[in-house]
Amino acid sequence: MFAVLSRAGDPDAAALTVLDASGALVRSEEHPRRALPAVVTALEADRPRWVWDDTARWYPPLLAAGVRVERCVDLRLCHAILRNSVFTTESSLATAPRSTWDAPGVGAADPGALFDLGGGDAEPDRDEVLAEFAAQQAAVDGSPEPGRIALLLAAESVGALLAAEMTHAGLPWRADVHDRLLSDLLGPRPAPGLRPARLESTLDEVRRALDDDTVNPDSPAALLAALRRAGIEARSTRSWELERVEHPAIEPLLRYKKLARLLAANGWHWLDTWVSGGRFRPVFVPGGVVTGRWASNGGGALQLPQHVRGAVLADEGWTFVVADAAQLEPRVLAAMAGDTAMAKAGQGTDLYEGMVRSGAVERREQAKYGMLGAMYGGTSGESGRMLPRLARAYPRAIGLVEEAARAGERGERVSTRLGRSSPKPGSEWQRVQASAYGDEASELDERRARGDSRAWGRFTRNFVVQGTAAEWALCWLGSLRRRLWQLGAGQPGDGQLTDRPHLVFFLHDEVIVHTPEHLAAEVAQAVQAAADEAGRLLFGSFPIEFRLSVATVRSYADAKD
DNA sequence: GTACTGGGCCAC
DNA sequence: AAACGTGGCCCAGTAC
C-alpha cells in the first residue's frame, strides 16, 4: 500500500492519495496541513510506504509533531538515480527531457538556483507526483536488474528518513565542555575581533623567530614571503612541508596553525552558531555526493576534528554506541569482485593483517597503503610499489578497479553493485580528448588529454568502490534504524523517536547511537546484526565479513582505539 | 558591501 | 609518505 502526499489546490492543504500494492487508486482526499500529523499517524498503523517528492519537505514538520514513519519513497532522490543508471537507460524516465525532478531538492539547493524559478523548491501537485511515481515503477520493472535497483531506491529513501530524524534528534553536545576545552588550549574567550591570549603569544614567538613583527601567518602569500626572507626555502606553507624544515620559527608556527585552525573551524563562533539546546544539528544531504555518499550543510559535520569530540557527551542515564566498519572499502571491493582470496584474508581478523598472514605482503602498512593506492589510483611511494604484488595475490579485486579506471579513461560510465552510475564526463573533457586526435594536435594538447583522461579514470576507479560502500552503509543504516525502533518498544515513554535508542550521527562508515544505558549491550548486537544483514543484501551468500569496531562510551572522544 | 578563487586543513 | 578518491569550510585577496 502506498500513501502519496502532494500539494493540493489550497496552499494550506495537502492531497493524500492512497494506492493499493498494484498501484490502483483506493481513495483520494485533502487535509489541512495542520491535520497531517494526525492523518499520517492514523494511516501509519497500516504500514504504508509514504510517497512524496522530497523527504526534506514533508518529514521535518511531522517529526516536529512527534510523528515517525517507517518507510517512504523519496521521488527526487530516486529520480536522480534512475535518470543516470545504466540499468534504466531505456526507460522513458531516463530518455525524457530534464524537468523539475532533476533540480536539487529542499535544503540541497545550490545558491545559483535562486534565480531558477522552476527549481526543485516548487512543490509538485498530485498529478505530477503520481505520474512520476508511475514512471519510476515502470523504469524499475523494465530494468535488467529490477531487484538491485529497487533495493537501491529503498535504501536511498530510508536514508532520507534517517537524515531528517538525525537532524531532529541532534548530536548531544556539551557547550560548557567545549568552552573549557577551547579555554585550555587557546586561553579564555577574547572580545570579538581579538586573538585569544595563547594564540597571540604563540604568534609573538613566530614573529620573533622570523625577526618580523608584522607578518600575518593567516595569509599564505605573506607567510611564504616572510619565510623566504628568513632564509627558509619552502615551496608552500603546508604543515607537512614545513615539518621537514630546520628553523626555530617552525615549531611555534606549526603550533600557531593548529590553534588558529581550531579557533576558526570549531571555536566559540562555531559553538554559538551550531549548538543550541545541548544539540548539534547538522543538515545531512543524502545523495549529495556523486558516488552516493551523503554531503552535509552547516557546521562541517563531515569533518568534526578529533580535538573537539570530547564535547560530544551522552545525556544523563544514556550512553553512546559508536561503531565503525573496519576496512569497509577493500571488503566491499573484495565482495563485488568475487575475490574469495581477499575475502578470506578478512575473515575473523583485520583485513590488512590477514593479507600479511596470507603472504601477499610483509607488513600491515604495505597492505593498507597498497589497497588505498589501488582504490584511489595512487602510483607513487609505497602504494605504487605494492600494486604488482597485490595484483598477483588478488587478481579479481585489483582487476575490477583497473577495469573501472580504463573505462573512465575512455569516457565510459561505470556502476556500483546496485546500479548507481557515474556521470558522463563533461563537454570540456570530450573537447580536450577530441582535440588530441586532431591533425594539428600539439604535444601540449596530447599531454592535457592524457592527464584529463587519467584523472577521470581515477574518479571512476574510486566511484565503483566508494559508491558501493555507500550502498552498504545505507543498507546498514536502514536495518539498524528498524532494529533500534523495535528495541525501544515497550520501554516507558516509547512514543517519541528520541525516547528510544536512536541514531544521532553518521559519517560514511561510522555511526553513533544514543541509547538508554541499560539497552547498550543490545544496541551493540543490533549494530553488528545490521552490518551482517547489509552484507547479505548486497552480496548474497558470498562469504565476506563486515567487521565492526564497536565502543560503548559516554564521550565520543573515547571511541577511537 | 557581495561574489568568487586559491591556499590550506579537517574528515572518511 | 606526501599526491592519489570524495567532501565542507575557513581565511586572504581580488574584482565589481
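Proteins get letters first, then strands, A, B, ... in listed order; numbering begins at 1 in each. Since we're looking at a predicted model, the values are computed, not measured. Heavy-atom basis, side chains included; hydrogens, waters and symmetry copies ignored.
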[atom1] of [X] versus [atom2] of [N]: gap in Å, rounded?
{"X": "A:Phe459", "N": "C:dT6", "atom1": "CZ", "atom2": "P", "value": "6 Å"}
{"X": "A:Leu227", "N": "B:dG7", "atom1": "CG", "atom2": "P", "value": "16 Å"}
{"X": "A:Glu382", "N": "C:dA3", "atom1": "CD", "atom2": "P", "value": "15 Å"}
{"X": "A:Met386", "N": "C:dA1", "atom1": "CE", "atom2": "C1'", "value": "13 Å"}
{"X": "A:His269", "N": "C:dC9", "atom1": "NE2", "atom2": "C1'", "value": "12 Å"}
{"X": "A:Leu372", "N": "C:dA2", "atom1": "CG", "atom2": "P", "value": "16 Å"}
{"X": "A:Glu409", "N": "C:dG5", "atom1": "CD", "atom2": "P", "value": "13 Å"}
{"X": "A:Arg235", "N": "B:dG7", "atom1": "CZ", "atom2": "C1'", "value": "13 Å"}

- Item | Over all atoms of both residues, closest heavy-atom pair of A:Glu165 and A:Tyr59 |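 Taking A:Glu165 first and A:Tyr59 second, the nearest heavy atoms are OE2-OH, 2.6 Å.
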- Query: A:Lys257 side chain N/O closer than 4.0 Å to the phosphate oxygens (OP1, OP2) of B:dC9?
  - Reply: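 So the side chain of A:Lys257 is within the cut-off, an N or O lying under 4.0 Å from OP1 or OP2 of B:dC9.
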- Give a yes/no answer on whether the side chain of A:Thr291 brings an N or O atom under 4.0 Å of OP1 or OP2 in C:dG5.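 No, A:Thr291 has no side-chain N/O under 4.0 Å of OP1/OP2 on C:dG5.
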- Would you mind reporting whether A:Lys424 and A:Trp429 have side-chain heavy atoms less than 4.5 Å apart? no
- Task: Indicate yes or no: at least one non-hydrogen side-chain atom of A:Leu162 is less than 4.5 angstrom from one of A:Phe284.
- Result: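 Result no, sub-4.5 Å side-chain heavy-atom pair not found.
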- Mind checking whether A:His178 and A:Trp270 have ring centres under 6.0 Å apart?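 Under 6.0 Å, so yes.
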- Message: Give me the distance, rounded to whole Å, that separates B:dC12 from C:dC4 when you measure between the C1' atoms they each carry.
- Response: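 Rounded to whole Å, the distance is 15 Å.
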Heavy atoms only, 4.0 Å cut-off, all strands: where does [X] land among base, sugar-phosphate and nothing?
{"X": "A:Ser296", "value": "sugar-phosphate"}
{"X": "A:Arg385", "value": "nothing"}
{"X": "A:Gly288", "value": "nothing"}
{"X": "A:Val290", "value": "sugar-phosphate"}
{"X": "A:Gly300", "value": "sugar-phosphate"}
{"X": "A:Gly384", "value": "nothing"}

For residues [X] and [Y], is any side-chain donor paired with an opposing acceptor at under 3.5 Å?
{"X": "A:Ser236", "Y": "A:Glu241", "result": "yes"}
{"X": "A:Ser415", "Y": "A:Ser421", "result": "yes"}
{"X": "A:Arg195", "Y": "A:Tyr256", "result": "yes"}

- Task: For the pair A:Arg461 and A:Glu402, find out whether any cationic side-chain nitrogen is under 4.0 Å from an anionic carboxylate oxygen.
- Result: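 Yes, charged N to carboxylate O under 4.0 Å.
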- Task: Please check if atom CZ in A:Arg396 has more than 12 non-hydrogen atoms from other residues, nucleotides or ligands closer than 6.0 Å.
- Result: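 No, because the 6.0 Å sphere around CZ of A:Arg396 holds 12 heavy atoms or fewer from other groups.
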Quick test: give all pairs of protein nitrogen or oxygen and nucleotides 10-12 of chain B nitrogen or oxygen below 3.5 Å, distance rounded to 0.1 Å.
{"from": "B:dC10", "atom 1": "OP1", "to": "A:Lys258", "atom 2": "NZ", "distance (Å)": "3.0"}
{"from": "B:dC10", "atom 1": "O4'", "to": "A:Arg261", "atom 2": "NH2", "distance (Å)": "3.1"}
{"from": "B:dC10", "atom 1": "O2", "to": "A:Gln303", "atom 2": "NE2", "distance (Å)": "2.7"}
{"from": "B:dA11", "atom 1": "OP1", "to": "A:Gln306", "atom 2": "N", "distance (Å)": "3.3"}
{"from": "B:dA11", "atom 1": "O3'", "to": "A:Arg309", "atom 2": "NH2", "distance (Å)": "3.3"}
{"from": "B:dC12", "atom 1": "O3'", "to": "A:Asp509", "atom 2": "OD1", "distance (Å)": "2.3"}
{"from": "B:dC12", "atom 1": "O3'", "to": "A:Asp509", "atom 2": "OD2", "distance (Å)": "2.9"}
{"from": "B:dC12", "atom 1": "O2", "to": "A:Arg293", "atom 2": "NH1", "distance (Å)": "3.2"}

- Message: At under 4.0 Å between heavy atoms, how does the protein contact nucleotides 11-16 of chain C? Give one character per nucleotide, 5' to 3', with B, S or -.
- Response: SSS---
- So which one's nearest nucleotide on DNA chain C is more toward 5', A:Arg244 or A:Asn462?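 In this pair, the answer is A:Arg244.
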- Listed partners of A:Glu353 passing side-chain hydrogen bond (donor to acceptor under 3.5 Å, both in side chains), at least two apart: none
